[in-house]
Protein chains: 2
Amino acid sequence: MTTARLAPATTASALAGRLREAIDAGRWRPGELLRQEQIAAEYGVSRIPVREALAQLQSEGLLEVAHYRGARVSRPRPEEIDELFDLRLMIEGDLLARALGRHDQRSLRELKRLQDALDDADDRLGWIAGDIAFHQALYGPAQRPRSLALFRQLRAPIDRFSVQALGPRSRKQGWADEHRQLIAAVAAGDAAAAGTILEGHLQATRAVVLAACAGQGES
Amino acid sequence: MTTARLAPATTASALAGRLREAIDAGRWRPGELLRQEQIAAEYGVSRIPVREALAQLQSEGLLEVAHYRGARVSRPRPEEIDELFDLRLMIEGDLLARALGRHDQRSLRELKRLQDALDDADDRLGWIAGDIAFHQALYGPAQRPRSLALFRQLRAPIDRFSVQALGPRSRKQGWADEHRQLIAAVAAGDAAAAGTILEGHLQATRAVVLAACAGQGES
DNA sequence: CATAGGATAATTGTATCCGAAATTCGGGCA
DNA sequence: TGCCCGAATTTCGGATACAATTATCCTATG
């Protein structure tokens with residue numbers, strides 16, 4: 001029950017989703033140009049929906065588009081990554097605190113179910129999607145639509161690097177442990193513990209992402 | 001030195017700016033449909049840039065767009081307005097704190113200049129633009145591009161209501177006083193005072209905007 | 001008389017085509 | 001040999017034309 005695809009989604013929005021996955025998967029290196037014509041041919045559509053999808057991804061911060069000069073995958077500087085995590089700490093901390101008293105048996109079961117699904121996720125992209133779903137369910141009871149949208153927005157430019165951290169010597173288990181600790185703290189209604197765990201969770205992720213970002217090379 | 005219009009701006013982005021102003025000015029009532037054809041004719045362009053501008057404004061939260069069903073001015077519920085102000089308090093507070101030690105003679109002079117210009121602003125839209133410029137200059141030294149972008153994004157859905165508060169019995173003077181107090185606190189390097197003044201500034205604005213939003217009527 | 005059904009009109013989404021800007025490549029010149 | 005300048009090519013932004021979807025209104029029927 002992520003976002004119930006009731007609307008069949010227009011070509012442009014569907015394409016935006018496919019492109020987001022492709023970027024997360026490393027289909028284009030940061031700085032590499034995304035040719036409208038090429039994408040249009042690849043997905044069998046015209047350039048119009050391609051342009052709209054690119055504009056969407058630009059507004060999400062995944063692409064940098066220059067006038068008449070094409071779109072390229074953004075290469076966030078480490079300071080920007082740092083800033084994004086600072087913002088996430090603020091906003092997600094607030095969301096978690098507000099959600100805490102509003103969780104019930106049902107929402108807690110849902111959290112456990114999502115985490116179990118996350119353990120079974122085999123491909124990296126599926127894991128990212130599942131992680132987003134988990135955190136959305138965690139923050140959902142706060143009833144803060146704008147903050148939740150911001151949470152998604154702040155993750156978008158980051159997830160591309162998180163994917164790389166899901167390799168062989170994965171942090172997957174560590175993240176899973178922290179998720180379960182979060183569930184326990186929420187179930188116990190322990191705000192302080194939940195906040196501390198979330199902060200540790202995000203700080204650990206920050207380190208991993210910064211490393212992946214730095215290892216990305218220059219050119 | 002707001003955002004130096006070096007790029008001549010594409011038709012779509014220029015149109016997005018015009019439409020944003022038009023929405024702030026109340027050209028469309030909340031809930032009212034924005035017809036692509038009509039806008040295209042009105043501004044003498046085709047529907048393509050209109051669509052891109054509408055998508056942009058949607059991503060800014062000013063419009064709600066449904067597939068094949070048109071775009072309409074969003075009518076934020078009071079709880080959402082409240083949420084937006086809570087987020088602004090967090091983010092702008094953080095920005096101000098980080099900017100505090102980095103202001104110098106030049107940036108302070110610039111702030112005074114911007115505030116003087118604000119006093120002379122006669123039309124309401126110009127005042128909003130000037131207020132945004134002032135706060136951008138206030139937060140600029142923090143060197144936090146993402147947070148600054150968020151600041152703009154969080155204001156966008158709100159400013160439409162602030163404009164209404166600039167009427168006859170205006171809060172303009174109160175805002176100007178608070179701005180000058182902010183400058184003084186920043187010049188003195190008094191973080192606590194600056195934070196307090198900013199919070200009061202935003203809380204006062206919140207009350208005004210909530211009133212304007214409520215007075216908007218239902219249908 | 002109210003309501004369900006369908007034809008028609010209005011509006012959005014997408015494809016194709018054209019002009020504009022930029023990159024690239026080749027030639028002239030110091 | 002190296003640099004600068006200009007034309008051809010590539011690619012992008014916008015306009016026009018067509019297809020898909022939704023809204024409206026009229027009619028027929030209970």
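Just so it is clear: chains get the letters A, B, ... in the order the sequence lines come, proteins before strands, and each one is counted from 1. The figures here come from the full heavy-atom set of this structure, side chains too, leaving out hydrogens, waters and symmetry mates.
Using modelled atom types, no side-chain atom of A/Gln58 and backbone atom of A/Leu63 make a donor-acceptor pair closer than 3.5 Å.
The side chain to side chain donor-acceptor pair (under 3.5 Å) with A/Arg146 is formed by just one residue from the set B/Glu79, B/Glu83, B/Glu80; it is B/Glu80. Here the rule is side chain to side chain contact (heavy atoms under 4.5 Å, CB included) with A/Val209, and of A/Asp82, A/Asp159, A/Ile81 only A/Ile81 fits it.
Residues that satisfy the side chain to side chain donor-acceptor pair (under 3.5 Å) test with B/Glu64, not counting sequence neighbours, are absent from this structure. For B/His103, the ring-ring contact (aromatic ring centres under 6.0 Å, His included) criterion is met by no residue, not counting sequence neighbours. By the ring-ring contact (aromatic ring centres under 6.0 Å, His included) test, B/Tyr139 pairs with B/His135, B/Phe151, sequence neighbours left out.
Ion pairing between a basic and an acidic side chain is recognised when a charged N comes within 4.0 Å of a carboxylate O; A/Arg206 and A/Asp86 show such pairing.
For the segment residues 48-58 of chain A, residues with any heavy atom less than 4.0 angstrom from an atom of DNA chain C are, sorted by number, A/Ile48, A/Pro49. Of the residues in residues 33-47 of chain B, those lying under 4.0 Å from DNA chain C by heavy-atom distance are B/Leu34, B/Arg35, B/Gln36, B/Arg47.
Heavy atoms from other residues, nucleotides or ligands lying under 6.0 Å from CZ of B/Arg18 number 12 at most.
The two atoms that bring B/Glu60 and B/Ala156 nearest to each other are O-CB, 4.1 Å, heavy atoms only.
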- B/Val163/B/Trp127 under side-chain contact (heavy atoms from CB on, under 4.5 Å): CA gap, chis, key distance, verdict: CA-CA 8 Å; B/Val163 168; B/Trp127 196 92; over 6 Å; no

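Chain B approaches DNA chain D within less than 4.0 angstrom (heavy atoms of the protein), and the contacting nucleotides run 5' to 3' from D/dG13 to D/dA23.
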